[in-house]
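When a residue number appears, it is its place in the shown sequence, counting from 1.
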Amino acid sequence: MPPKKSAAPEKKILLGRPSNNLQMGFVGMPNVGKSSLFNAVSRCDLGKIANFPYATIEPEEARVAVPDARFEKLCEIYKPASKIPAFLTCVDIAGLTKGASTGAGLGNNFLSHVRAVDGIFQVVRAFDDADVIHVEGDVDPIRDMEVISTELNLKDIEWVEKKHDACKKSLRGMTGTANLADKAKKEELDTVTKVLEHLKEGKDVRKGIWTSKEIEVINDLQLLTAKPVTYLINLSEKDYIRKKNKWLPKIKAWIDEHNPGDMLIPFSVALEERMTGEFPDEKERAAEFEKIGVPGALGKIVTAGYASLHLIRYFTCGPQEVRAWTVREGIKAPQAAGVIHSDFEKHFICGEIFTYNDLIELGSEAAVKAAGKLMQKGKPYEIVDGDICHWKHNA
């Protein structure tokens, strides 16, 4: 008898929408620097900056280029007529306050805006400024983080309890026979019950341990605490330059206790605004940051948000265009080709693929081919970040 085939490994499913076009939202208390940071990151003036709560009501959106030294190097090599980097969509969301989950302020409206994005940049104020009021009266980053965490958790509990009730009602109509539909309903209820218990323990859904089947149910729920969070700590210009702030160790300890593994990025929106105003040219601005001994944080923030959404990019290169195409981790070759045009996926033949590192090491595409480093990959191939791809199709 031929040996039994080993079972195919379970497909890894990620939390969140299964899309290549995902968004990061700037979230936090009012007057912590969200709109100022949004404007600095997007190099525009869409976000409304004002010294009072709810200055931003409707969310503003901008597409932001994701910094990538590899893309710049490819442009140097190919000298294309057109250069298109990877982009991240960022959304400026109004400030949340205590009681938002029960509708305080404009809470329900704002939380629906948070629900519409895929990841969270949580902006936390750690600077004192008598001219910038704080909705709670004084500066306390730990309290602010607790407020945001609690409001998101309470809203998730409300949503999951409604889903739990709906699942139980659905089960009342079960036939009693072990058919697939009834089994699926029972599994869904079990998962929703498990998620509800997790939330009632005060834990974020994204920090739970879930099976792929459970993640499918969770993704349908579109929960706030299932979204990845990157903590952005807004310091005064002085504290950022001297790399010291009394709140940073406490903030780090809070994150390690409540959401271990989440990224913390200190920045100073006051410094970023000043540098952008005084040095509009990027090279001059970079030189000035080097002169004062600290890096600008905007590129790091955008890159961290992109990575937190499990986004990667592959490149298409030629004299006409060098372009970075954003896809999600785990995507197969035909679906990656389909990002360019749906016909590429429908009529996919194969991909001619080589790595960025091989190109840099060998110096040219011709040298890559001569060294036998050009790979022909079929439908099962999973795209690796930085792949350089040419798609073959019969569209």
Side-chain angles (χ1 to χ4, degrees), residues 2-22 66 68-75 77-78 80 82-88 118-119 211-213 215-216 219 228 303 306-395:
K4 286 184 180 179
K5 286 185 180 179
S6 57
E10 186 183 28
K11 185 185 174 187
K12 180 187 173 189
I13 297 178
L14 299 171
L15 279 173
R17 282 193 304 133
S19 170
N20 304 312
N21 185 22
L22 304 177
V66 182
D68 189 342
R70 298 172 303 179
F71 174 77
E72 302 299 334
K73 186 68 178 173
L74 290 171
C75 290
I77 292 170
Y78 287 90
S82 173
K83 306 171 184 178
I84 306 176
F87 287 94
L88 176 67
D118 304 284
T211 67
S212 291
K213 279 191 175 180
I215 289 173
E216 287 178 349
N219 284 346
T303 301
Y306 189 84
S308 76
L309 295 172
H310 298 283
L311 295 175
I312 58 174
R313 75 280 258 171
Y314 73 85
F315 302 104
T316 52
C317 302
Q320 294 303 312
E321 179 182 85
V322 168
R323 182 162 182 165
W325 299 90
T326 293
V327 294
R328 213 151 183 238
E329 279 177 19
I331 196 169
K332 303 293 186 184
Q335 289 70 46
V339 172
I340 299 176
H341 196 288
S342 57
D343 282 354
F344 287 17
E345 178 179 355
K346 200 182 298 181
H347 303 286
F348 181 86
I349 297 173
C350 70
E352 291 188 339
I353 298 170
F354 55 98
T355 70
Y356 170 82
N357 288 340
D358 283 342
L359 177 66
I360 297 307
E361 183 184 332
L362 297 167
S364 70
E365 268 193 51
V368 169
K369 289 176 184 175
K373 298 284 189 177
L374 181 68
M375 305 173 284
Q376 282 210 338
K377 295 293 184 180
K379 291 180 180 180
Y381 179 71
E382 193 173 292
I383 295 297
V384 176
D385 184 49
D387 276 349
I388 299 169
C389 303
H390 174 68
W391 304 116
K392 288 193 169 183
H393 53 86
N394 57 10

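Taking NZ of Lys379 as the start and SG of Cys350 as the end, the distance is 11.5 Å to the nearest 0.5 Å. With values rounded to the nearest 0.5 angstrom, Lys377 atom NZ is found 11.0 Å from Leu374 atom CG. Summarising the geometry, atom OG1 belonging to Thr326 is positioned 9.5 Å from atom CG belonging to Leu22; distances are rounded to the nearest 0.5 Å. Here CZ of Phe344 is found 12.5 Å from SG of Cys389. Values are rounded to the nearest 0.5 Å. Remark: Ile353 CD1 to Ile388 CD1 distance equals 10.5 Å, nearest 0.5 Å. A distance of 6.5 Å separates OG1 of Thr355 from CE of Met375, quoted to the nearest 0.5 Å.
For Phe354, there are no ring-ring contact (aromatic ring centres under 6.0 Å, His included) partners at least two apart in sequence or on another chain. Residues passing the salt bridge (charged side-chain N to carboxylate O under 4.0 Å, His left out) test with Glu72, sequence neighbours excluded: none. Under the side-chain contact (heavy atoms from CB on, under 4.5 Å) criterion, Ile360 pairs with Lys73, Ile77, Tyr356, not counting sequence neighbours.
Among all heavy-atom pairs drawn from Pro80 and Gly318, the shortest one is CB-O, 3.6 Å. Across every non-hydrogen atom of Glu345 and Gln335, the tightest pair is OE2-NE2, 3.2 Å. The two residues Tyr306 and Ala86 make their nearest non-hydrogen contact at OH-CB, 3.7 Å. For the residue pair Trp391 and Ala336, the shortest heavy atom distance occurs at CZ2-CB, 4.1 Å. Minimum heavy-atom separation, Phe348 to Ala333: CZ-CB, 3.8 Å. Closest heavy-atom contact between Ile349 and His393: CD1-C, 3.6 Å.
Dense packing is recorded around NZ of Lys332, with more than 12 heavy atoms of other residues, nucleotides or ligands lying under 6.0 Å away.
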- Before giving the answer on side-chain contact (heavy atoms from CB on, under 4.5 Å), spell out for Leu359 and Leu74 the whole-Å C-alpha distance, their side-chain angles and the decisive distance to 0.1 Å. CA-CA 9 Å; Leu359 177 66; Leu74 290 171; 3.4 Å; yes

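Counting only heavy atoms from C-beta outward, the side chains of Lys392 and Glu352 approach each other to under 4.5 Å. Residues Phe315 and Asp68 form a side-chain contact, since some pair of their non-hydrogen atoms from C-beta on lies under 4.5 Å apart. Side-chain contact check for Asn20 versus Trp325: every heavy-atom pair is 4.5 Å or farther apart. When side chains are defined from C-beta on, Arg70 counts as touching Arg313, because their heavy atoms get closer than 4.5 Å. Taking the side chain as every heavy atom from C-beta outward, Leu309 and Pro228 approach each other to under 4.5 Å. Residues Leu311 and Val66 have side chains not in contact (no heavy-atom distance under 4.5 Å, counting atoms from C-beta outward).
Proximity of a side-chain donor or acceptor of Asn219 to a complementary backbone N or O of Leu15 within less than 3.5 Å is not detected.
For the side-chain hydrogen bond (donor to acceptor under 3.5 Å, both in side chains) with Tyr78, the lone residue among Glu365, Gln320, Glu321 that qualifies is Glu365. Screening Val384, Ile383, Ile331, Asp385 against Tyr314 for a side-chain contact (heavy atoms from CB on, under 4.5 Å) leaves a single residue, Ile383.
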